[in-house]
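As a basis for the values below, the full set of heavy atoms in this structure was taken, side chains included, without hydrogen atoms, waters or symmetry mates. Chain A is the first sequence line, chain B the second, and so forth, proteins listed ahead of strands; every chain is numbered from 1.
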Protein chains: 2
Amino acid sequence: MSKPPTISDAEWEVMTILWANSPLTAMEIVSQLAGHKQWSPRTVKSLLNRLVKKRALDYSTRGNRYLYRPRVTRDACVRMESGSFLSRVFGDAVGPMLVQFVQQADLSRDEIEQLEKILREKSNSGEK
Amino acid sequence: MSKPPTISDAEWEVMTILWANSPLTAMEIVSQLAGHKQWSPRTVKSLLNRLVKKRALDYSTRGNRYLYRPRVTRDACVRMESGSFLSRVFGDAVGPMLVQFVQQADLSRDEIEQLEKILREKSNSGEK
DNA sequence: TGTAATAGATTACATCTGTAATCCATGTCC
DNA sequence: GGACATGGATTACAGATGTAATCTATTACA
């Protein structure tokens, strides 16, 4: 599997929708974005075009519509992005990165407890 | 303290050097970069100019040279970048991602304690 | 059946980035 | 003193990005 292309911020929004649920037509994507983005449908079309050109998306035809679907997995893209961002900012220091993220994240009580539990276990099982 | 400006990949290299040690002249920065980057000194100058314009750097004058120094802390920039990275890549699923990472990470005792402390604080300050 | 809405394709255009080159003043070496 | 190196300032230029508008074919409503 070849490495995924670079996906920009705006493009990421579109991919997110398709990773969650595909294939979808352009209009369906537009509707799903409508909630939290004020993009004109034109804008979304442009993004779709770019993503197809980048080979991040693929489509088939249904009548006169296109049905878009991802050609790259979310996982692969996350790994890529993580690679560049994380290595830039944190180098290979995973610990400080997690500290930073946990500090910033908006966590639910459940998640906090879950994390605390994991940490307790880790600390009992004798980490260095 | 105003929010830090956006710092690009290439710019980040320059900032990293100045965060570690400042003030420095353009030439000193060029030398320090010489190890792992094949940038022409022109390129570095351009980056310095942009960073000054963005108000990420400041300079004073020594003779006919400039002495550059950061105007923004590394910490503030890391916070910014992390924020946009997290929300872009993980959207509102930051929690599960952290759980998974923490589970897999090889953490030192210190880091574990640090994380536990952060979580305690978060849980006290009434997360939802 | 004509006309407007929609679909996808192409084009636009300003800003940011990476990566310099050019310009002008000064400092330096012979 | 003259030519060259160096410093900072300005300009360049292509590719990526955000954000559309326009063009053309088709579809669907009045």
Distance check needed: [N] [atom2] versus [X] [atom1], whole Å only.
| X | N | atom1 | atom2 | answer |
| --- | --- | --- | --- | --- |
| B:N64 | C:dC24 | CG | P | 19 Å |
| A:I29 | C:dG8 | CD1 | P | 9 Å |
| A:K45 | C:dA7 | NZ | C1' | 5 Å |
| B:M15 | C:dT17 | CE | P | 14 Å |
| B:L48 | C:dG18 | CG | P | 14 Å |
| B:L47 | C:dT19 | CG | P | 9 Å |
| B:L51 | C:dG18 | CG | P | 10 Å |
| A:E28 | C:dG8 | CD | P | 11 Å |

Kindly point out which of [options] is positioned nearest to the side chain of [X]?
| X | options | result |
| --- | --- | --- |
| B:M27 | D:dG7, C:dT17, C:dG18 | D:dG7 |
| A:S8 | D:dT19, D:dT17, C:dG18 | D:dT17 |
| B:W39 | C:dG8, C:dA20, D:dT19 | C:dA20 |

Of A:R65 and B:A26, whose closest DNA chain D nucleotide lies nearer the 5' terminus? B:A26
Most 5' of A:Q38 and A:I7 on DNA chain D, judged by nearest nucleotide: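 It is A:I7 whose nearest nucleotide is closer to the 5' end.
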Answer yes or no: does a side-chain N or O of [X] lie under 4.0 Å from OP1 or OP2 of [N]?
| X | N | result |
| --- | --- | --- |
| B:K53 | C:dT17 | no |
| B:K54 | C:dT17 | yes |
| A:N49 | C:dA9 | yes |
| A:S46 | D:dG18 | no |
| A:Y59 | C:dG8 | no |

Is a salt bridge present between B:K117 and B:E121, judged by a nitrogen-to-oxygen distance below 4.0 Å?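 Yes.
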Kindly indicate whether the side chain of [X], heavy atoms from C-beta on, has any atom under 4.5 Å from the side chain of [Y].
| X | Y | answer |
| --- | --- | --- |
| B:L48 | B:V14 | yes |
| A:E13 | A:H36 | yes |
| A:V94 | B:Q104 | no |
| A:T61 | A:L67 | no |

A:T43 near the nucleic acid: base, sugar-phosphate alone, or nothing, with a heavy-atom cut-off under 4.0 Å?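 Base contact.
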Look at all strands and tell whether B:T6 reaches a base, only sugar-phosphate, or nothing, counting heavy atoms closer than 4.0 Å. sugar-phosphate
Can a donor-acceptor pair be found between the side chains of A:R69 and A:S60 at a distance below 3.5 Å?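 Side chains of A:R69 and A:S60: pair found under 3.5 Å.
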Using only heavy-atom distances, decide whether a donor-acceptor pair under 3.5 angstrom links the side-chain of B:R50 to the base of D:dT10. no
